[in-house]
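In what follows, every heavy atom counts, from backbone to side chain, and hydrogens, waters and symmetry copies are set aside.
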Amino acid sequence: MLESIKLKISKLLALAAGGNDEESHTAMLQARNLMLKYNLTDSEISANNATGEINNKKVTNNSVMRTKLLWWHIHLAIVIASHFRCSHYINKYGSYDKEIRFVGLDEDVEIATLFFNFGVESIKYNSQNYLNRKEIKRKWKRKHQFKNDYIEGYIQGLNQKFIEQNQSESLELILTQHALVTEYYSSLNLVNIDIHKPKKAADHNSWIEGYNEGKKFDKDKKRIN
């Protein structure tokens with residue numbers, strides 16, 4: 001049975017490659033559900049490991065992104081970490097050099113990183129498409145403010161979709177963070193780093209457009225057998 005689950009996840013991840021349309025969103029969400037339920041990692045899927053069992057729990061502290069971080073990179077990291085049994089924090093090396101790190105069990109950090117990268121590409125693709133609309137191009141002086149409204153809505157929509165999936169698939173208990181992770185994260189004694197607040201147009205329509213796009217992870221849109 002486990003082999004068939006791995007094969008199904010492989011198909012879903014292949015379908016999700018690119019991260020730029022509703023079908024790929026659906027596939028990614030289905031893959032998340034199965035990987036969490038069966039405690040499988042991306043590397044185990046690729047290697048076709050027959051057991052999928054993790055006997056020795058190990059906390060991992062991995063870099064997810066290091067660059068001139070945009071505000072939405074951090075907001076996305078917060079959402080992804082919270083839905084994959086991970087914690088996150090920011091390292092600051094300079095004014096334009098910051099790093100997002102995920103803390104969690106090996107398998108959880110691996111899956112969370114996979115979904116974070118998928119989310120980054122999806123947001124870039126969809127927000128650029130939004131900017132290319134004629135009605136937004138006409139507002140070119142404030143286009144980036146409208147883009148920020150759109151992205152904020154998108155991330156909230158994605159978060160809401162995860163919440164709905166957790167409830168419909170009864171994942172709440174599965175998503176409880178392991179005590180080892182909580183203990184390790186507390187031991188880091190981290191200092192909060194202020195998140196830059198973007199300039200926004202406060203345009204409700206842009207926010208709703210993004211929110212609806214973020215919620216398009218419709219599990220019933222496409223099924224892989």
Once rounded to the nearest 0.5 Å, what's the spacing between atom [atom1] of [X] and atom [atom2] of [Y]?
X	Y	atom1	atom2	result
I80	H88	CD1	NE2	12.0 Å
K199	H144	NZ	NE2	11.5 Å
C86	E110	SG	CD	11.0 Å
Y150	N205	OH	CG	13.5 Å
N117	L114	CG	CG	7.0 Å
K58	L105	NZ	CG	11.5 Å

Minimum heavy-atom separation for [X] and [Y], please, with both atom names.
X	Y	result
G157	K215	O-CG, 3.1 Å
Q177	S87	NE2-OG, 3.1 Å
V181	R85	CG1-O, 4.5 Å

Discussion item. Take a 6.0 Å sphere around OH of Y96 and say whether it holds more than 12 heavy atoms from other residues, nucleotides or ligands.
Written reply: no
Practice prompt. Count the heavy atoms of every other residue, nucleotide or ligand shown that sit under 6.0 Å from CG of N192, and state whether that count exceeds 12.
Written response: no
Worksheet item: Under the 3.5 angstrom rule, does the side chain of S168 hit a backbone N or O of E164 as a donor-acceptor pair?
Response: yes
Worksheet item: Which salt bridge (charged side-chain N to carboxylate O under 4.0 Å, His left out) pairs, counting each pair once, include a residue from residues 174-187, with sequence neighbours left out?
Response: none
Worksheet entry | Selection residues 142-155 - residue pairs positive for salt bridge (charged side-chain N to carboxylate O under 4.0 Å, His left out), sequence neighbours left out | E152-K200
Worksheet item: So do M65 and V120 actually touch side chain to side chain, heavy atoms under 4.5 Å?
Response: yes
Practice prompt. Could you pull out all residues at least two apart from A77 that satisfy side-chain contact (heavy atoms from CB on, under 4.5 Å)?
Written response: I100, F102, F116
Item to complete: Under the side-chain contact (heavy atoms from CB on, under 4.5 Å) rule, collect the residues that match up with L188, sequence neighbours excluded.
Response: N61, Y89, V103, Y184, Y185, L190
Is there a continuous path of hydrophobic side-chain contacts, each under 4.5 Å between heavy atoms, that joins [X] to [Y]?
X	Y	answer
Y211	L131	no
Y154	F115	yes
I111	V109	yes
Y130	L158	yes
I74	L70	yes

Item to complete: Look at the rings of F84 and F162 and say which category their plane angle falls in: under 30° parallel, 30 to 60° tilted, over 60° perpendicular.
Response: perpendicular
Worksheet entry | With K124 via salt bridge (charged side-chain N to carboxylate O under 4.0 Å, His left out) - residues at least two apart | E121
Worksheet item: After noting the C-alpha distance and the side-chain angles of I78 and I155, does the key distance pass the side chain to side chain contact (heavy atoms under 4.5 Å, CB included) rule?
Response: CA-CA 10 Å; I78 292 170; I155 293 173; over 6 Å; no
Item to complete: Give the C-alpha distance, both sets of side-chain angles, the deciding distance and a yes or no for side chain to side chain contact (heavy atoms under 4.5 Å, CB included) between N132 and Q128.
Response: CA-CA 6 Å; N132 288 336; Q128 187 57 51; 3.3 Å; yes
Item to complete: Give the C-alpha distance, both sets of side-chain angles, the deciding distance and a yes or no for side chain to side chain contact (heavy atoms under 4.5 Å, CB included) between N166 and H83.
Response: CA-CA 9 Å; N166 296 342; H83 289 291; 3.2 Å; yes
Discussion item. With side-chain hydrogen bond (donor to acceptor under 3.5 Å, both in side chains) as the rule and sequence neighbours excluded, what pairs involving residues 65-82 come up?
Written reply: R66-D97, W71-N148
Item to complete: Check step by step if side chain to side chain contact (heavy atoms under 4.5 Å, CB included) holds for T113 and N62.
Response: CA-CA 9 Å; T113 301; N62 275 1; 5.5 Å; no
